[in-house]
Amino acid sequence: MPMRLTRGWMEVDLDAVVRNARAMATRVPAILPMVKADAYGVGAVRVARALERLDPWGYGVATVEEGRELRDAEIARPIVLFTSVNAEELPAVRDARLTPALASEAAIERWARIGGGAWHLPIDTGMSRSGVCWSEIRALSPTLLEHPPEGAFTHFHSAALDDGTQGEQEARFERALAELSAMPRLLHTENSAALARNAHSRWNVGRPGIFLYGVGSGDRAQLEPEPVVSVRARIVELRTVAAGESVSYDATFRAGRETRIATLPVGYADGYRRALGNRAYAIIAGRRAPVIGVVTMDMTMLDVTDVHAEIGDIATLIGSDGGEDVDIARIAEWASASPYELLTGLHARLPRHYRGGEAG
Ligand SMILES: *Cc1c(COP(=O)(O)O)cnc(C)c1O
């Protein structure tokens, strides 16, 4: 047993991450797991080390620091930096041996001038966020001829919506590719939702993110991930209040009967969102205990009137216990947040405890 699990913590099942990645890898010749934002809050170095055994093509990050952290952990594969950087950051990108996404003639030329290596061409096909517009590729032709990219990619804006826009974006991507004087060696378009929907990718690399961390993309997906993250906390106080008493800030909960209340020492500063009050429930020994009153920064209150609860007992806020379960998608819905936001917000203060992932 490593350290005693006190207060609150996040449990990360690295073997489940590996199994989720393996499921994604059945759909596309190679995967480029997205480990940006500290692997969505799950822990980039631990995740990348666990995924090494699947022989991914490389990893995806959003900042130079994220790439450097993986290099410091001796991850030697290509690391693609997907978010554009300003020119003054390019030497740091090169020094960390990262593969940048370069979206302008000036950036491509600067990269070549400073002796940068491989780079990828981002093509904007409708996300309107980053990359070269699909209809304006031709203007870059002389630059691309002189400095050919190793890869080209685009990003879908609504892969989970099944609204036909993905096909439209792919058609634009193909039209842009047809303008290139040489076809880049690597072509990639699909995020988790697209991979979960297409049995066979038309491209040679896929970029799964959130699926690896246990969040699926809805009913139409053919693949569902295994859960990866659980959040648990120990009860630190118990009290009984009379009918009519209120709970937490703004008195949004008023006891309709004599109510037994358990206090957990985690709150929205741990990523358990304020809006979950009066909506979510926790699980104590396989039974549901509703969250009552607004969640505060450091503490959350549960109604345990009908649940056996003692000081020190473990409450599951995300995850399963004794046949009951609360998943991230449901918590996100209750919090009116996206599962991405919810997941990346969890590790701010919660220590992470890892299971699996070590064996080769
Ligand atoms: C974050 C990201 C992904 C992964 O998206 P998921 O929806 O988490 O699978 C893929 N590609 C790019 C460019 C991204 O920024």
Side-chain angles (χ1 to χ4, degrees), residues 17 20-28 30-44 47-48 51 56-64 66-67 78-85 98-103 119-132 134 149-162 165-166 169-170 173 184 186-198 201 203-218 220-226 228-229 328-329 332 337-346:
V17 174
N20 291 339
R22 200 172 270 138
M24 292 268 99
T26 60
R27 316 223 128 194
V28 59
I31 55 167
L32 195 176
M34 298 302 292
V35 297
K36 60 192 177 183
D38 204 16
Y40 295 43
V42 164
V47 163
L51 291 178
W57 176 79
Y59 298 99
V61 298
T63 71
V64 179
E66 288 171 5
I79 298 173
V80 180
L81 173 54
F82 279 95
T83 305
S84 290
V85 296
L98 308 182
T99 302
L102 302 176
W119 63 280
H120 287 205
L121 177 68
I123 300 176
D124 177 12
T125 57
M127 179 78 176
S128 307
R129 175 175 74 169
S130 61
V132 184
W134 65 280
E150 172 189 51
F153 68 95
T154 194
H155 189 54
F156 299 132
H157 53 74
S158 305
L161 296 187
D162 306 304
T165 57
Q166 184 181 320
Q169 284 190 264
E170 269 181 320
F173 185 55
L186 299 168
L187 300 172
H188 43 108
T189 71
E190 289 131 329
N191 59 3
S192 299
L195 289 167
R197 280 167 168 71
N198 305 341
S201 173
W203 315 105
N204 44 24
V205 180
R207 304 188 304 267
I210 198 149
F211 186 97
L212 308 177
Y213 312 117
V215 179
S217 58
R220 294 275 307 276
Q222 299 152 12
L223 287 182
E224 271 303 312
E226 280 182 45
V228 166
V229 170
I328 288 171
S338 88
Y340 294 79
E341 273 184 282
L342 198 109
L343 187 57
T344 53
L346 284 178

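Counting starts at 1 for both ligands and their atoms, following the listed order. Below, all heavy atoms of this structure are taken into account, side chains as well, without hydrogens, waters or symmetry copies.
- Checking side-chain atoms of E150 against main-chain N and O of W119 turns up no donor-acceptor pair under 3.5 Å.
- Contact atoms of ligand 1 toward I210: 6 (P), 8 (O), 9 (O) (distance under 4.0 Å to a heavy atom of the residue).
- In this model, no donor atom of one side chain and acceptor atom of the other lie less than 3.5 Å apart for S130 and S84.
- At a heavy-atom cutoff of 4.0 Å, ligand 1 is contacted by both the backbone and the side chain of R207.
- Listed by number with element, the atoms of ligand 1 under 4.0 Å from a non-hydrogen atom of Y40 are 1 (C), 4 (C), 5 (O), 6 (P), 8 (O).
- Put simply, part of Y340 is less than 4.0 Å from ligand 1, judged by heavy atoms.
- Using a 4.5 Å cut-off on side-chain heavy atoms (C-beta onward), V35 and Y213 make contact.
- Protein heavy atom at the shortest distance from atom 2 (C) of ligand 1 is K36 NZ, 2.4 Å.
- Residue G209 has at least one nitrogen or oxygen atom sitting less than 3.5 Å from a nitrogen or oxygen atom of ligand 1, judged on distance alone.
- Relative ring orientation between W203 and F173 is described as perpendicular, the plane-to-plane angle rising above 60° on a 0-90° scale split at 30° and 60°.
- In this structure the side chain of F82 never reaches within 4.5 angstrom of the side chain of H155, judged on heavy atoms.
- Nearest to atom 9 (O) of ligand 1 by heavy atom, out of P208, G60, A194, S192, is S192.
- Note on ligand 1: R129 sits in its first shell, one or more heavy atoms being nearer than 4.0 Å.
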Worksheet item: Can you list the steps and then say if D162 with R197 is a side-chain contact (heavy atoms from CB on, under 4.5 Å)?
Response: CA-CA 9 Å; D162 306 304; R197 280 167 168 71; 2.7 Å; yes

